[in-house]
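Below is one structure, written out as structure tokens; comments come after it.
Atom set for the values below is all heavy atoms of this structure, side chains included, hydrogens, waters and symmetry mates excluded.
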Amino acid sequence: MKFQGDASAIPIMDVVQNLEANRKSGILTIRRGQEVRRLPFSDGAIISYDDNAGFSVLEWFRQKDIIPPDIFKKAERRYRRAKKKTFGEIVASLGGIELDAYLAHVKSIVLEMLYETLSFRKGHFEFEESEVDPYEFDREVAASKIRIPVRSVLMEAARRMDTWEAIRRSLPSQNDIYRVTPSDLQALEKEYHDNPIGMSVADLMDGTRSIREVIATAPVGRFTASQVVADLVSRKVARPVDGDELVQQVESGSASEDSSRTLVRLKAALEREPGNQGLLLKVAELSLAVGQKDEAAVYYKLLAQSLVEQGRLDEAKIKLRRSLELNGRDIGTWQKLYDVTEQEGDLDPL
């Protein structure tokens, strides 16, 4: 059996209640904008969680720094070779965390994501009935053998729903980078005198982490961290790092992450500054570096268009030719190159 619908017409909460009542097994997929979330059901109970943003129990523990780093690294090496032991069992054997505490964290991680997902008022859902292998999802969640009755999460999800909607209205792209300046941090110390959590989140917004990373790294749950970030952004205490600075970070090597992650950040900045030529050039170069030739060609073309608007025709021709080297099938780029060379009075566009 397969069915689908619009979350604005049929609330996600009603959908999951129906799946529980009818003891369905299968995967509920929810799409909201660029987000994709998957909830696997077995006999009406939710048994795991997955999304397209890289949900991972191991990454959660790495970012939260709950387990001492040396023990985490040692456990991770053993885990790669382990066929039967879970990461939690390995960490517990090394003295990094008690197994019961580890399993409680695993369940809490899944619950946090469920509370948020069930609060969606917009989006498209699709349920496909089938037998579900929990090991197709996060290995640690599967090994914990959790079974979450829908009724046990609905009340908390409903309680958070309006707050999540307010958070989403204030939060920028989670790939964007924001900064709280040192002077604003000083002012926040008085405001957050009795709120160490708020101060710890503000400290993380130092201009080097994306919104997603700030929320993931904060020593609190996703809901609470998102509330603090949304508040700081809406009050303009946290401000976006501009595109030129991001480019400088990449060129200076201070951004130590891999090219794919850097590319995501730069594209988020381009949404705010679509005409930033330094960003366009860097996105084109990094797209090529990660093997995305056609996409690199598009950004060289966009850069050329920006240069044309400034009357910098010679530079525009160079970028258009670079675009055509990467994707010679783009008729629009050929036409643009012809138009530019004709504008210069040059009859040979090549």
Side-chain angles (χ1 to χ4, degrees), residues 35 51 53-57 59-69 72 97 101 104-121 153 155-242 245-246 249 254-255 257 261 264-265 268-269 272:
E35 295 180 80
D51 59 36
F55 174 81
S56 164
V57 167
E59 283 305 308
W60 187 93
F61 276 99
R62 190 197 313 277
Q63 291 165 332
K64 295 298 184 186
D65 205 22
I66 292 171
I67 300 165
F72 189 98
I97 189 173
H105 278 302
V106 171
K107 185 174 182 179
S108 176
I109 295 164
V110 176
L111 286 172
E112 279 282 324
M113 301 311 300
L114 292 180
Y115 296 145
E116 182 181 349
T117 304
L118 297 184
S119 75
F120 284 2
R121 286 184 166 129
V153 298
M155 186 175 294
E156 181 62 18
R159 187 184 72 81
R160 297 184 181 192
M161 181 176 284
D162 289 340
T163 305
W164 265 122
E165 284 299 308
I167 288 171
R168 293 181 187 116
R169 285 194 296 270
S170 297
L171 274 183
S173 165
Q174 293 211 6
N175 295 315
D176 219 334
I177 299 176
Y178 274 63
R179 173 188 287 116
V180 178
T181 65
S183 60
D184 284 331
L185 276 177
Q186 281 187 328
L188 285 173
E189 285 179 0
K190 296 179 181 178
E191 180 180 336
Y192 287 155
H193 178 70
D194 296 322
N195 183 7
I197 290 172
M199 199 66 216
S200 67
V201 173
D203 278 330
L204 290 169
M205 300 183 76
D206 61 358
T208 65
R209 297 176 179 87
S210 67
I211 296 291
R212 186 186 308 282
E213 289 169 332
V214 169
I215 292 170
T217 308
V220 289
R222 180 175 171 81
F223 179 67
T224 303
S226 297
Q227 278 185 294
V228 177
V229 171
D231 176 63
L232 293 172
V233 170
S234 65
R235 291 162 53 198
K236 294 185 169 39
V237 177
R239 299 175 181 84
V241 174
D242 66 46
E245 183 178 344
L246 288 176
Q249 288 180 10
S254 59
E257 59 198 11
R261 289 180 64 194
V264 168
R265 295 183 176 198
R272 286 187 286 103

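Listed by chain and residue number, Asp206 satisfy the salt bridge (Lys or Arg N to Asp or Glu O under 4.0 Å) test with Arg209 (two or more places apart in sequence, or in another chain). Scanning for ring pair (Phe, Tyr, Trp, His ring centres under 6.0 Å) contacts around Phe120 gives an empty result, with sequence neighbours left out. Residues forming a side-chain contact (heavy atoms from CB on, under 4.5 Å) with Pro196 (at least two apart in sequence, or on another chain): none. Shown here are the salt bridge (Lys or Arg N to Asp or Glu O under 4.0 Å) partners of Arg212, two or more places apart in sequence or in another chain: there are none. Not counting sequence neighbours, Tyr115 has no partner by the ring pair (Phe, Tyr, Trp, His ring centres under 6.0 Å) test. Asp242 meets the salt bridge (Lys or Arg N to Asp or Glu O under 4.0 Å) test with no other residue; sequence neighbours excluded.
Sequence neighbours left out, the pairs with a member in residues 165-174 that pass salt bridge (Lys or Arg N to Asp or Glu O under 4.0 Å) are Glu165-Arg168. Legend: salt bridge (Lys or Arg N to Asp or Glu O under 4.0 Å) pairs involving residues 172-183, not counting sequence neighbours, sorted by first then second residue: Asp176-Arg272, Arg179-Glu245. Counting only residues at least two apart or in different chains, side chain to side chain donor-acceptor pair (under 3.5 Å) contacts with residues 219-228 comprise Glu116-Arg222. Screening residues 197-229 for ring-ring contact (aromatic ring centres under 6.0 Å, His included), with sequence neighbours left out, gives Trp164-Phe223. For residues 196-217, no pair satisfies ring-ring contact (aromatic ring centres under 6.0 Å, His included), with sequence neighbours left out. Identified under the side chain to side chain donor-acceptor pair (under 3.5 Å) test for residues 184-200, with sequence neighbours left out: Thr181-Asp184, Asp184-Arg239, Glu191-Arg235.
For the pair Asp231 (side chain) and Ser234 (backbone), a donor-acceptor distance under 3.5 Å is absent. At distances below 3.5 Å, at least one donor-acceptor pair connects side-chain atoms of Lys64 with backbone N or O atoms of Val220.
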